[in-house]
Structures are given as structure tokens and as C-alpha cells.
Undergrad: 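Got a structure for you, written out below as C-alpha cells; questions coming shortly.
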Amino acid sequence: MIWTCLRDTALVVGWIVLIGTSWLTNPVFAQAASSELAARMKDANQWPMAARDYANTRYSELDQINTSNASQLQIAWTFSIGADRGQEAAPIIIDGAMYVVGPYDGPYPNRVFALDATTGELKWAYAPRPEPAAKGVACCDVVNRGLAFNNGKVFLNTLDNHTVAIDAKTGKELWHTKLGEINRGETITMAPVVVRGKVLVGNSGGELGVRGWLTALDEDTGAIKWRAYSTGPDSEVLIGDDFKPFYDNLKGKDLGVTSWPAGRWQVGGGTVWGWISYDPELNLIYYGTANPSPWNANQRSGDNLWSTAIFARDPDTGRAKWAYQINPHDLFDHDEINENVLVDLDINGTTRKVLIHPGRNGYMYVMDRATGEVISADAYDHVNSYKGVDLKTGRIIPNGEKTPILGKTINDICPAAPGAKDWQPSAWSPRTKLLYVPHQHLCMDFKSSEVGYIAGTPFIGASVDMYAGPGGYRGEFMAWDPVAKKKVWEIHEKLPVWTGTLVTAGDVTFYGTMDRMFKAVDAMNGNVLWQFRAGSGFIGQPVTYRGSDDQQYVAILSGVGGWPGVVANAEVDPRVRNAALGFTGATQDLPFYTAGGSELLVFKLGPAAPKDKSNAQPR
């Protein structure tokens, strides 16, 4: 493996060029590197982490772009990432510089770029040289969901299981640490998060029987400080005497072993490839774990702990304080790695510290983030695979009619394997008290089959065919009131809505569609204020910031892909409905709308369009 930084002003064979160094003396970029990440989160001019803040709100206090002028948005500048695969990353903006990472593809996989956030000028580029074989074990496209920053360092996860620290000013590599093995099917696609001097990183690969973990690295040295597995004995899950789950069925010794058939926990999945939240007052991090392996639940009796669960952990030690399993003995690949949005809500006259978790199973969970109690869990999309959540026991109620039977096709299971919502993150507005949720609307036919485990190869045991849910649409962008427990407004889309979103103090929320539209929406009522058609579909994460010219900008990567989009950017035959783990059936028509892309699009307000003073009549 080769790791290097691109620092010179001339082209070097096999490497990209660092262009210029004058920006290093620019006061905009020369602020003290010791600035705390938490302080940057309070600065609306910046977007310092993929989720914007530790609470994962993706809310910005900027209001220059608002409901009265969003129609005036126009392109400010663009930049090519150079790899036409799925572009899921969120750019981060620190002190006037934008840092963005590409997917694992092209001659420079997982390349990192530093750009002037106002002009788009390229400052430096860093190109790791990951193992080429990593591409062959990534289950659902070769995406990367973003970078992290703290104390003058940019942190990168590569697909082949390395975490890298890069000097934010120069692009020089500071350290890199190997965390997993591609020969076992492990990869890393999630955006790292920095908490209390530790870089938190989780693995992917549940469809290959990978054993999930979350690892903490020292941000200065890259040394591993702790690792918490999602399955196995308490000593390896980091469960001790201070573990206090709210529900009795989660109390017991070594449940990560005893809730599995003998030895199955060692290839049991529960990977950690989604989002991490942090509450500084409670000093707890929150994250979800993915599906158990294999998909064929007949081969893994028991609850299969601690897959499809939410953990609350001490970031200093990694020790679990509480956990809650959302889908015991998961039947449908309903990972629960989705974001946990930390807010305080007035519920029944009492202010509660809660987390909001839009479950892949189709239920919107509101939980006490100090204790793990489920306060409410209400369906936000069409659900027939379950009959609700028992709030006394915390357990979901299965619908026996939809339980997979070995060798038999079970029809009309809703939601489908990607869930009512997958990784694509929602946003919370403290102004409207609404959660803005991009998600899919799909059902499936599911047939389970026996499968054997071979390290580094698919370990699934199911054939899936997905299609549009009731109403014929396949995606939705909606606003949810977590106190009233209801949908406030919704926008239906013909394809899954696979982008993240953001919301601002200007009461504007943004999202993109797979058929190439980027939209600004009135956060109060769902009216579309503006839209832009790009060259490729959107599956990325929009961000907003203030440039050095005092203008508000909005940025997003264009480039279709991800699990639903590989049919449009990879060699997948759209006629094979169960290809791409079944998603091809739901997006067979996607290649008619778009192909792969790799463009960073940045928008700002332009002048108001002049009024038509002619006598022409509309027709």
C-alpha cells in the first residue's frame, strides 16, 4: 500500500498536483488550529462535520437564503471529483476551506480535495493508494460518506479499512492506521466522527458475514484506544457492571453469545457504517448497528444481539451504558444504522432529553437518551411486516404472515430490505420543531435459502425483488412532528429519495432526486421554491456555509449510485430484477434518467429575474 500527499506545484507522473501555497498565509485559512470542534459547530459560517453538529441536526442558522428569495439560486462554481460512481459524501467547510472526498474508483480512489469554499480554487489534493481488491468486496457501491475535522487535521476513512489523518493546511499525511481486513469482507464507508480526542470509526460488510465493531483512535497518533464489538461476549462488546438497559429482556450475561446458535455470533454482522451522535452533558455517544448475518433468519435462531440495536457508550472508555434492540431476530435486512437526532422535546408537559431515530423498519422512534426508554414509535411509511411496537416491553410485534419460510416466496413485504429509510440523513429545525426526512417507499417479495459462510464472499441466503409501494411512487420527502406523532407534509417522487437533507433558519430545506433534480423547499409547508437539473442523479448530502464574500452557499455532490443506483453506474443488467441484492427491480428505469457523475455543485443567490414587461399572454 502506498500513501502520499500531493504538495508540489508541478505535475508528477502518477500523482495529482498541489496548486499554489499562497492560501496558507491568508488569514481566512490561518486561524489557530487549536480551535475546538464544538466551537466551530456554533459558527454558522462553517459546516465542520458531515452531520453539522454532534446532535446530528443538520440545521444551519444562516438565513440569507430564505423562502422569499430561494428562487434566485444559481450556480456559483463547480468542481469535478473525477470518479463517476456514487457520490454520497458531505463536504465539510472549515475557516473558508472546503474539504471533499471521492468514492473508491478511478486512478485515485478516495481522493481528498481542499478547495477555496468561495471561489472553488484547488489548494491541494491527497491521494491514498488503497488495496484494489477492496472494490470487489464492497456490497453496495464504493461510496464514501464524508470526512471529519479537528485541531487542524482532516480525517479520512478508506474503503480498504484505513483511517488517515491529513494536515488541513498542507495536505500532508500525518498518520494512517489499518483497522480491518478486506479478505474477511470488511470495508469502511462511513464518515468518521471526532469526540474528546478520539476518532470514531465503524466497519461495513454485513452481507459478507463481517463481525461489526466501533473503534476509537487517538486523533494525534492513530493508536487504537478501544474497540467495541456488536456481537460476542460482554468483555468484547464492552459491557460491564455499569450497563443499565431499560428493558428486562436486555439484561443478562453474554447475550451477544447466548442469543445466537453456537458460534454464529462470530460471523453475525451488526456492522457500524452509519451515523454517530454525541451528548456532551451526558458524555454519551449514540449509534446503531446493522443487520445480522445472513439475511436468511432460519439459520440464526434467537434475538441475535446486539445487531439492529442502538448503543449509548462512554466515548472515553467505550463501555456501554445502555442499549436497545430495535428488530430482535431481524427478518428483512432492516439495519438500524440510521441517524439518532438529539433534541429536547416537550412531551406531556415535561421536557425530555430524547433521541429521534427514523427506523429502517418504518417506525419513528422517540427515546429517552439517558435511559433507553422508548417513548413513542409510530409508522411513518406503509408497514405490514410488523404490527407495531409494544411500549411496555420495547419489542416490535412481528406479522407472522410475512415471516420468511425457507424455500418459499413471501410476497408484498413492506418496507423492503432497504427499509422505509436507509442511511440518507434527516434534518431537524428548532424553529419549526419538525424533522425533515428523505426516504424510499418500497415493498418486496422475499425468498430465503440456505447459504454457507466463506470469508470475504456474499453471505446472504435470500433472493429479493423490490418494487414501488402503495400509490406507485418509490420515494418521499416529508416533514414529521415527533410530538404530535404525525406527518405534516409530504412530496412524492417517482424514484427513491436517497440524498440527505439540511434545513436553515431561512426556513428552507434542500434535497435531491435520483432523476437529477436538486430542490429547495419551504420548510413550513413543503412548497417547492426552486429546482435545478444536474448532469447526474443525486445521492449526496447538501451542506450550507458563508463564504469570504459574506454570501451564503449551498453545496452538494452530483453522481448517481449507492445501493439503488448501481444499475445506472455499474455493469448491472436492469433486466435482472434481483440484481444488486434486489434493488434493481425497484430502479430498472433509472438508466433512462441518468448515468454516473462526479460533479460538486455550489450555489448562491443571483439577482432577481426581471419582470416580463411585454404584452405577451400566457398560453
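Predicted, not measured: the structure shown is a model, and the values here were computed from it. Numbering starts at 1 and runs along the sequence shown.
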Undergrad: Quick one: are the ring centres of His357 and Tyr286 less than 6.0 Å apart?
TA: no
Undergrad: I'd like to know if Glu476 pairs up with Lys487 as an ion pair, taking the criterion as any Lys NZ or Arg NE/NH1/NH2 lying under 4.0 Å from an Asp or Glu carboxylate oxygen.
TA: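 Here Glu476 pairs with Lys487 in a salt bridge, since their nearest N and O are under 4.0 Å apart.
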Undergrad: For the residue pair Thr544 and Ser60, confirm or rule out a side-chain donor-acceptor distance under 3.5 Å.
TA: no
Undergrad: Less than 4.0 Å between a side-chain N and a carboxylate O, is that true for Asp445 and Arg577?
TA: no
Undergrad: CZ of Phe113 to CZ of Phe79: how many Å apart, nearest 0.5 Å?
TA: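 These two atoms lie 4.5 Å from each other.
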Undergrad: Please round to the nearest 0.5 Å and tell me the distance separating atom CG of Asp330 and atom CD of Gln325.
TA: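 Rounded to the nearest 0.5 Å, the CG-CD separation comes out at 9.0 Å.
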Undergrad: For residues Glu186 and Trp213, is any side-chain donor paired with an opposing acceptor at under 3.5 Å?
TA: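 A donor-acceptor contact under 3.5 Å links the two side chains.
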Undergrad: Regarding Thr189 and Arg145, do their side chains bring together a donor and an acceptor under 3.5 Å, going by distance alone?
TA: yes
Undergrad: Cation-pi check for Tyr287 against Arg313: NZ or CZ below 6.0 Å from the six-membered ring centre and within 45 degrees of the axis, yes or no?
TA: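 Cation-pi check for Arg313 and Tyr287: fails.
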Undergrad: Tell me, which pairs form a salt bridge (Lys or Arg N to Asp or Glu O under 4.0 Å) where one or both residues lie in residues 420-430, sequence neighbours left out?
TA: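 Every salt bridge (Lys or Arg N to Asp or Glu O under 4.0 Å) pair that includes a residue of residues 420-430, provided the two are not neighbours, is Glu339-Lys421, Arg360-Asp422.
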Undergrad: Testing the 3.5 Å rule here: is there a donor-acceptor pair between the side chains of Glu336 and His334?
TA: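 No - no donor-acceptor pair under 3.5 Å links their side chains.
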Undergrad: Taking Tyr553 as the fixed residue, which of Tyr545, Trp47, Phe510, Phe603 is the one that meets the ring-ring contact (aromatic ring centres under 6.0 Å, His included) rule?
TA: Tyr545
